[in-house]
Chemist: 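Below: one structure in structure tokens.
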Number of protein chains: 2
Amino acid sequence: MSLPPARVAARGRRAARPSGDDRELAILATAERLLAEKPLSALSVDDLARGAGISRPTFYFYFASKDAVLLTLLDRVVAEADAAFTGGVFDGLQGGTRENWRAALTAYVDTFRAHRSVALAAASARPDNREVRELWARVCEGWVLRATEVIEAARAQGTAPDGLPARQLAIVLNSMNERVVYGTFSGDGPAIPEDQLVDVLLDVWLTTIYRTPHPA
Amino acid sequence: MSLPPARVAARGRRAARPSGDDRELAILATAERLLAEKPLSALSVDDLARGAGISRPTFYFYFASKDAVLLTLLDRVVAEADAAFTGGVFDGLQGGTRENWRAALTAYVDTFRAHRSVALAAASARPDNREVRELWARVCEGWVLRATEVIEAARAQGTAPDGLPARQLAIVLNSMNERVVYGTFSGDGPAIPEDQLVDVLLDVWLTTIYRTPHPA
DNA sequence: CGATTCGGTCAACAGTGTGTCGAGAGCGGG
DNA sequence: CCCGCTCTCGACACACTGTTGACCGAATCG
């Protein structure tokens, strides 16, 4: 799943000239850097512009708003996460062993870890930003679809017992991942220690799908 | 658990005079009403003030900011949720039957349903608002503690098998609840139909705790 | 019963941020 | 050489926030 329709639409009025491409990259880099220090809401367009060595109006030549920058950043991260997933581990009906699930969860957690500032910012922005919400929803839908397939395949084979409709189980497990990982990396509320994250999640996935933490 | 320390501190400089109490209530009511239409970020202090029939500066006599209003609203909802929980169902080591768990989950979902606008607004505000974050973290910690106790009791009795540390299991299940319920009520992304919410969550709780969806 | 105090109210101000407009600078190509 | 293009920014209009200071009316007290 490569998510071609996700390509950011509100990027800017740029056409094809080379020189100013650097500026665009500079803005993105500045945003990712500053996001590691403060939340997006505490960043002004001016901070982003100055950080990239341009004036505020020039910023608007490249991006329609702060949020558009975040969307572009998120788009990259999502593409990377998707590649990590698709790149081997977990395609189609292949998969379903403990190690397949572990690899998928590890890919998820690692991508989050590698880009926590972007991921955390995206999570904060999502409620107020339709585009971020839709992009994320699309990504989740992809993951849910894939998990649903594997669960159904395991049931057809008799490896997993019947239970909740596969899609519903996939949805709750995915939601759990999202919230638990967010909680661990944002550090508020009761959280799972970062180094045990994958194991804990894996245990719950396996138990609910196969009714035992150590499936065939 | 009654959370006495949660009492909102940033409420206003009011002392004890009667007449102006109505204004405070009017602001809160206006906020809850408007929140059903737009997110908090789209509401100005002026909207709140006009809605309550006062001027903007007067608003500041009662609340330090928009966010303080939300915090007060959330504080009420949380107190209610806590009462629903504590009010019978699920005290101390009592509990652990299917119906106990179901009642607890129903209380959770129903409180959310009854105040969705406040709950959704609080969820959006949490990343940027320390006080909301802390209040919510405190509440979650309470739920996690209680669930942990019940799980440990069941294990001690031999009703539930060993597995993940009880606290970690309680954390992930709680996180799952939060995210799934939020997803269902906010309507973005893949979601569980509202009328099946409790059943689906219950199934996962029981399966992970007792390793079967139909415990003793 | 005038003076004082205090809860409550708001017009006006200062500050910070956003997004836009219009006037250009620099450069390639006809 | 000038046209048109990308790219740049000073200056503006606007929205919203939070504060100040003057003011009103009603209790309270000497």
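All values derive from a computational prediction rather than experimental measurement. Per chain, numbering begins at 1; letters A, B, ... match sequence-line order.
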Chemist: Output all residues satisfying ring pair (Phe, Tyr, Trp, His ring centres under 6.0 Å) with B:Tyr182, sequence neighbours left out; order by chain, then residue number.
Modeler: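 Ring pair (Phe, Tyr, Trp, His ring centres under 6.0 Å) list for B:Tyr182, sorted by chain: empty.
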
Chemist: Could you tell me how far apart B:Phe61 (CZ) and C:dC10 (P) are, to the nearest whole angstrom?
Modeler: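 So the two atoms are 12 Å apart, to the nearest Å.
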
Chemist: Starting at CZ of B:Phe63 and ending at P of D:dG18, how long is that distance when rounded to a whole Å?
Modeler: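 Result: 14 Å.
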
Chemist: What is the distance from CZ of A:Phe59 to P of C:dG17, rounded to the nearest Å?
Modeler: 15 Å

Chemist: Write out all pairs satisfying salt bridge (Lys or Arg N to Asp or Glu O under 4.0 Å) with one or both partners inside residues 113-122 of chain A, taking only residues at least two apart or from two chains.
Modeler: A:Asp110-A:Arg113, A:Arg113-A:Glu194, A:Arg116-A:Glu194

Chemist: With the threshold set at 4.0 Å, does a side-chain nitrogen-carboxylate oxygen contact exist between B:Arg133 and B:Asp128?
Modeler: no

Chemist: Between N or O atoms, less than 3.5 Å apart, protein on one side and nucleotides 14-17 of chain D on the other: list the pairs.
Modeler:
{"unit_1": "D:dT17", "atom_1": "OP1", "unit_2": "B:Val45", "atom_2": "N", "d": "3.1"}
{"unit_1": "D:dT17", "atom_1": "OP2", "unit_2": "B:Val45", "atom_2": "N", "d": "3.3"}
{"unit_1": "D:dT17", "atom_1": "O4", "unit_2": "B:Arg56", "atom_2": "NH2", "d": "3.4"}

Chemist: Nearest whole Å is fine: how far is D:dC7 P from A:Ile27 CD1?
Modeler: 12 Å

Chemist: In whole Å, what is the span from the CD1 atom of A:Ile54 to the P atom of C:dG19?
Modeler: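 Result: 14 Å.
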
Chemist: Taking only side-chain nitrogens and oxygens of B:Thr58, does any of them come within less than 4.0 Å of OP1 or OP2 of C:dC10?
Modeler: yes

Chemist: Do A:Arg76 and A:Glu80 touch side chain to side chain, with heavy atoms closer than 4.5 Å?
Modeler: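 The answer is no; the side chains never approach within 4.5 Å.
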
Chemist: When you measure from the side chain of B:Asn174 to the backbone N and O of B:Ile171, does any donor-acceptor pair fall under 3.5 Å?
Modeler: no

Chemist: Between C:dG7 atom P and B:Asp22 atom CG, what is the distance in whole Å?
Modeler: 17 Å

Chemist: Sequence neighbours left out, what passes side-chain hydrogen bond (donor to acceptor under 3.5 Å, both in side chains) with A:Thr106? Give chain and number order.
Modeler: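 For A:Thr106 there are no side-chain hydrogen bond (donor to acceptor under 3.5 Å, both in side chains) partners, ignoring immediate neighbours.
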
Chemist: I want to check something: taking the side chain as every heavy atom from C-beta on, are A:Val109 and A:Asn177 in contact at a cut-off of under 4.5 Å?
Modeler: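 They are not in side-chain contact.
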
Chemist: In this structure, how many angstroms lie between the C1' atom of D:dG10 and the CZ atom of A:Arg50, rounded?
Modeler: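 Result: 13 Å.
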
Chemist: Counting runs of three or more consecutive pairs, Watson-Crick or G-U wobble, with each distance below 3.5 Å, where are the stems of DNA chain C?
Modeler: C:1-30 with D:1-30

Chemist: State plainly whether the residues A:Arg167 and A:Glu141 are in salt-bridge range, i.e. N to O under 4.0 Å.
Modeler: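 Here A:Arg167 pairs with A:Glu141 in a salt bridge, since their nearest N and O are under 4.0 Å apart.
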
Chemist: Grab the CG-C1' distance between A:Leu48 and C:dG19 for me, whole Å please.
Modeler: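 Nearest whole value for this atom pair: 15 Å.
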
Chemist: With B:Arg33, which residues qualify under salt bridge (Lys or Arg N to Asp or Glu O under 4.0 Å), at least two apart?
Modeler: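 Salt bridge (Lys or Arg N to Asp or Glu O under 4.0 Å) check on B:Arg33 returns nothing, list empty.
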
